[in-house]
Amino acid sequence: METPGPNQGLTLTRTEPSNVVKLLHLLLLSTSWGMQIWVTLVAGLVMRSRLPRHTSGLVQRELSPYYFHIGSTCAFLNLTLFAMHHPSELLSEEETTQIIIFFICVAVSALNTQWLGQASCDIAAEMHRIERARGLGQEVGLLGGEARRELRASDPGYGQLARQLGLYRAASALCNLCCIACNGASLYHLAAHLSTL
């Protein structure tokens, strides 16, 4: 006698999300993407070019945890909402790609939130402490680069911190760009499925 399998007699159906769920999904995705574009392409560049370096660094250290946590939360909720209304057994190739994009965004956001972002902030704070002791950090924009190069050459500990910060910031920037691309692709996916404006 054959025993019924776990899915035997169970018919999977795709549930249409309510308008509230659709609105929440759109709000989370657009908030995350808009925040990423603003912070990456506007606020960060303006602060670096208009504020003293240490002031810009302090603002970034204070705001970065919020930026990374909001981005991670939005990415996780977008994945969750999408997955709840798209059973894995019924996924089309396009929907599978969309799930993968959401998952990548969650993974790199979490990496930035839990490790890269905080490590960058901690290293930058230590470098600023060393620079302040030598009267550096109040220059605006790219000014003062020569004094920092001399400090790297004369202080091996500072030089090591500068190299670490460069690596962490590069990895964090790559994660951030990956999230921007993932959210842009997800917005494109949503726009492609709009029947009208």
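Bear in mind that the values here come from a model prediction, so they are computed numbers and not experimental data.
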List the steps, then state whether side-chain contact (heavy atoms from CB on, under 4.5 Å) holds for Gln36 with Tyr67.
CA-CA 8 Å; Gln36 290 167 335; Tyr67 171 74; 3.5 Å; yes
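- Residue Ser56 is tested with Gln60, Arg53, His54 for a side chain to side chain contact (heavy atoms under 4.5 Å, CB included); the sole match is Gln60.
- Proximity of a side-chain donor or acceptor of Ser172 to a complementary backbone N or O of Asn112 within less than 3.5 Å is not detected.
- In this structure, Gly157 and Asp155 approach most closely via the heavy-atom pair N-OD1, 3.0 Å.
- A distance-only check finds no donor-acceptor pair linking the side chain of Thr40 to the backbone of Ile37 [under 3.5 Å].
- Under the ring pair (Phe, Tyr, Trp, His ring centres under 6.0 Å) criterion, Phe76 pairs with no residue, sequence neighbours left out.
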Steps toward side-chain contact (heavy atoms from CB on, under 4.5 Å) verdict (Phe68, Gln114)
CA-CA 9 Å; Phe68 291 131; Gln114 297 301 318; over 6 Å; no
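- Remark: Phe103 CZ is loosely packed, at most 12 non-hydrogen atoms of other residues, nucleotides or ligands lying under 6.0 Å away.
- A heavy-atom distance below 4.5 Å is not found between the side chains of Val39 and Asn176.
- Not a single donor-acceptor pair under 3.5 Å links the side chain of Ser32 to the backbone N or O of Leu28.
- Classification of Glu150 and Arg134 as a salt-bridged pair fails, no side-chain N sitting under 4.0 Å from a carboxylate O.
- Between Phe102 and His25, the ring center distance clears the sub-6.0 Å criterion.
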Set out, in order, the CA-CA distance, both residues' side-chain angles and the distance that settles side-chain contact (heavy atoms from CB on, under 4.5 Å) for Ser120 and Leu165, then state yes or no.
CA-CA 6 Å; Ser120 295; Leu165 183 61; 4.2 Å; yes
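- Atom CD1 of residue Ile101 and atom CG of residue Asn78 lie 12.0 Å apart, to the nearest 0.5 angstrom.
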List the steps and the verdict of side-chain contact (heavy atoms from CB on, under 4.5 Å) for Leu29 and Phe82.
CA-CA 11 Å; Leu29 189 55; Phe82 193 84; over 6 Å; no
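- Contact detail for Ser109 and Ser72: the closest heavy-atom pair is O-OG, 3.1 Å.
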